[in-house]
Amino acid sequence: MTTRQRVLSGIQPSGKLTLGNYIGAMKNFVALQHEHDCFYMIVDLHAITVPQDPAALREQSEAVAALFVAAGLDPTQASIFMQSHVPAHAELGWLLTTMTYMGELERMTQFKDKSEGKEAVGAGLFVYPSLMAADILLYRSHLVPVGDDQKQHLELTRDLAGRFNHRYGETLVVPEPFIPKVGARIMSLDDASKKMSKSSPNAGSFITLLDTPDEIRKKISRAKTDLGRDVLFDVQNKPEVSNLMTIYAQCSGQTLEQIQATYEGQGYGAFKKDLAEVVVQALEPLQSKYKDIRASGEIHHILREGAERANTVAEVTLREVKEAMGFLPRGGH
Ligand code: AQP
């Protein structure tokens, strides 16, 4: 029997969710929900660290919440909520920002990637990791299911929890990352040196969970492949094909060895054609459930209930953190 632990994770409504978000994070959200006490949020406060169109932000937020449910999250098991519906996130975010060193934030690769070449970079993008630490620490989470790209942010969260406990006494739980063994970093279809990202300007570089079968077929047929024609898993020498094989494995449940054996001597053409059908079939049930959930309007009720449960837990931690730091309690003597 596994011990019941607290689990927290989130996804930004900064675009349409991709296969990378699904394979790297959401699959584990679903896998953990029955054995643990899970909180999954749509991190809208993080999304605005880069400019967002208000109408698009509203639509994407609702879409991500509906995709959580369509992917298999059960709102009676896991609390699903909007980050901005729990004010404690912003407040603890500020408290932790005051304890985060500039040097720590300057080392973050996500900040470097997202600010590169931009003239005006918002301060929110810089302090994003302190807010993410607050998200996790508010729930005294033990496990954080994330893709590989979030490892560095999670390390900082662990450091901040340790720093807080050292300065103010044992208050926060130091969390552990929960990263999939295969598929922790799905790469772009046009460049296997970059991760697949929902906010990429090139829509051909990612597959969204709501792409139509024809869009999926077109994107996979145009996906970059390596020199040669053998379908071999070799990340060093065949990064593009290895990435496509990982997607195949994750969408079909087959092992990389099985896939390699199936396509021996067949070349990339047959492999890519089948891969497109594997992805289409894997997404079909999710897409049909998504349509039903959006049409039912039940998402607002799910988010309200989720936020109530989240607020109850988050407010206790915030109160204890503030007391430990020396803030005068409201109405205190
Ligand atoms: N390519 C990926 N492979 C595996 N996991 C991934 N994740 C993101 N991309 C991949 C995981 O998905 C979760 C949600 O990520 P996020 O929305 O908080 O932000 P992100 O990591 O920056 O994801 P994107 O898609 O690249 O968003 P944008 O383009 O807005 O920055 C995380 O657990 C992440 O690891």
Side-chain angles (χ1 to χ4, degrees), residues 7-32 38-53 56-57 60-61 63-65 67-68 71 73 80 82-83 89 108-116 118 121-122 124-125 128-129 131-133 135-136 141 143-155 157 175-203 205-210 223 235 239-240 242-244 246-247 249-251:
V7 175
L8 178 287
S9 196
I11 297 194
Q12 297 183 73
S14 47
K16 293 181 174 148
L17 295 197
T18 69
L19 265 186
N21 298 132
Y22 179 67
I23 295 170
M26 280 163 79
K27 270 179 97 175
N28 272 342
F29 291 7
V30 176
L32 290 166
C38 297
F39 289 84
Y40 296 126
M41 56 181 179
I42 297 103
V43 288
D44 46 3
L45 298 177
H46 282 282
I48 59 160
T49 55
V50 296
Q52 301 289 339
D53 169 70
L57 183 65
Q60 283 155 199
S61 297
V64 175
L67 278 170
F68 275 8
L73 283 181
I80 300 172
M82 299 301 306
Q83 183 188 27
H89 287 266
M108 294 293 143
T109 55
Q110 179 174 290
F111 174 72
K112 288 188 209 163
D113 291 346
K114 289 197 170 177
S115 58
E116 197 185 355
K118 302 234 166 68
V121 177
L125 190 63
Y128 179 118
L131 179 59
M132 178 165 157
D135 298 338
I136 296 165
S141 321
L143 294 179
V144 187
V146 281
D148 189 57
D149 61 308
Q150 293 297 332
K151 228 167 151 179
Q152 198 186 22
H153 288 164
L154 213 58
E155 237 354 277
T157 302
E176 295 288 340
F178 190 89
I179 296 176
K181 289 195 177 63
V182 179
R185 194 181 282 251
I186 300 294
M187 310 313 276
S188 271
L189 298 181
D190 61 344
D191 180 356
S193 69
K194 295 197 187 118
K195 77 163 186 140
M196 184 181 281
S197 248
K198 61 176 117 65
S199 60
S200 160
N202 174 14
S205 72
F206 55 80
I207 294 175
T208 85
L209 300 182
L210 296 174
V235 178
E240 316 284 348
S242 300
N243 183 44
L244 296 179
T246 303
I247 295 175
Q250 288 295 307
C251 290

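Counting convention: from 1, in listed order, for ligands and their atoms alike. None of the values given here were measured: they were computed from a predicted structure.
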Would you find a donor on one side and an acceptor on the other, under 3.5 Å apart, between the side chain of [X] and the backbone of [Y]?
X	Y	value
D53	A56	yes
K198	P13	no
S205	N202	yes
S141	I136	yes
T18	G20	yes
Y22	L209	no

Exercise for the section: Taking only heavy atoms of the protein into account, state which residues are under 4.0 angstrom from an atom of ligand 1, in chain and number order. Expected result: G10, I11, Q12, S14, G20, N21, G24, A25, Q110, K114, V146, G147, D149, Q150, G183, A184, R185, I186, K195, M196, S197, K198, S199

